[in-house]
Protein chains: 2
Amino acid sequence: MHKTLQVGDKATRRRTFTETDVHQFADLSGDHNPVHLDAEFAAGTQFKARIVHGMLVGSLFTGILGEDLPGSGSIYMTQNLNFKAPVYLDQEVIATVEITNIREGKGIVSLTTNVTDNTGKVLVQGEAVLFVPWLKS
Amino acid sequence: MHKTLQVGDKATRRRTFTETDVHQFADLSGDHNPVHLDAEFAAGTQFKARIVHGMLVGSLFTGILGEDLPGSGSIYMTQNLNFKAPVYLDQEVIATVEITNIREGKGIVSLTTNVTDNTGKVLVQGEAVLFVPWLKS
């Protein structure tokens with residue numbers, strides 16, 4: 001049985017991206033920029049240290065949306081991402097999705113999707129829309 | 001030397017996502033939905049076969065934007081993704097980015113970011129905005 005969904009429902013995951021994660025994502029995405037991979041190079045940039053690819057951080061949302069809320073069987077329609085501040089390797093971040101709108105008859109669910117650090121500072125801000133087949137009338 | 005950028009400049013990459021890619025991305029993102037991983041399950045869905053995670057397809061853009069156009073040293077500000085049609089495992093897709101606007105003094109470059117199949121059908125449609133430090137006055 002699929003869960004009932006309500007505006008205001010939230011789901012959260014915590015994640016710390018490692019050097020191994022960043023190297024794997026560099027190969028998968030084809031983005032081998034040294035700001036992600038080369039500690040010495042990154043030290044000389046505005047970021048002062050290696051940062052995680054923004055799209056890898058944003059990929060936390062597909063896990064939460066696809067497994068937790070709305071959950072398995074929901075279909076990604078759109079994802080908007082605003083990369084507001086860097087995420088560093090070995091830094092714990094918290095990704096949260098929250099339902100903001102449900103169009104029951106259409107099976108369309110909108111959510112805010114944000115990543116913060118452990119002080120609550122927003123690092124990635126976004127919105128997602130999913131088609132949720134079991135809501136469609 | 002960084003290249004000169006002009007509205008209308010394009011860059012393209014071709015990519016075929018394999019089962020290994022999809023399994024790696026499932027672990028990186030935490031999205032283990034069976035529509036991506038389980039051929040038998042996927043055969044019973046509306047898609048009829050396993051599909052690549054939308055966010056993995058969208059990750060093609062970080063490679064092109066970060067390495068090719070605008071290229072290394074540019075900083076991702078926003079990425080919007082509209083997942084219009086599924087991408088299947090072992091299906092070749094073509095990702096293209098095209099500069100639509102340049103704000104020279106601010107160093108802000110906007111691009112369309114699209115993924116098509118080899119007939120030109122749009123599978124993922126999006127826009128990206130990057131900060132390009134070497135354009136800033």
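Because only heavy atoms are used, hydrogens play no part in the values below, and waters and symmetry mates are left out as well, while side chains stay in. Order of the sequence lines fixes the chain letters, A, B, ..., with proteins taken first and strands second; residue numbering starts at 1 for each chain.
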Heavy-atom proximity to chain A below 4.5 Å, by part of B:I64: neither

Angle class for the A:H53/A:H36 ring planes (parallel below 30°, perpendicular above 60°, tilted otherwise)? parallel

Do A:I99 and A:L69 have side-chain heavy atoms sitting under 4.5 Å apart? yes

Does any backbone or side-chain atom of A:P34 lie under 4.5 Å from a heavy atom of chain B? Answer side chain, backbone, both or neither. side chain

So which part of B:H32 gets closer than 4.5 Å to some heavy atom of chain A, the side chain, the backbone, both or neither? both

Considering only heavy atoms, which portion of A:D68 lies under 4.5 Å from any heavy atom of chain B: side chain, backbone, both, or neither? neither

Side chain, backbone, both or neither: which part of A:L56 has a non-hydrogen atom closer than 4.5 Å to chain B? side chain

Who among A:T62, A:V124, A:L65 has the most heavy-atom pairs with chain B under 4.5 Å? A:T62

Checking B:Q125 against chain A: side chain, backbone, both or neither under 4.5 Å from a heavy atom? neither

Quick one: does B:N33's side chain have a donor or acceptor within less than 3.5 Å of a partner on A:G66's backbone? yes

Close side-chain approach of B:I75 to A:F47, heavy-atom, < 4.5 Å: yes

Side chain proximity check, A:R15 to A:V52, heavy atoms < 4.5 angstrom: no

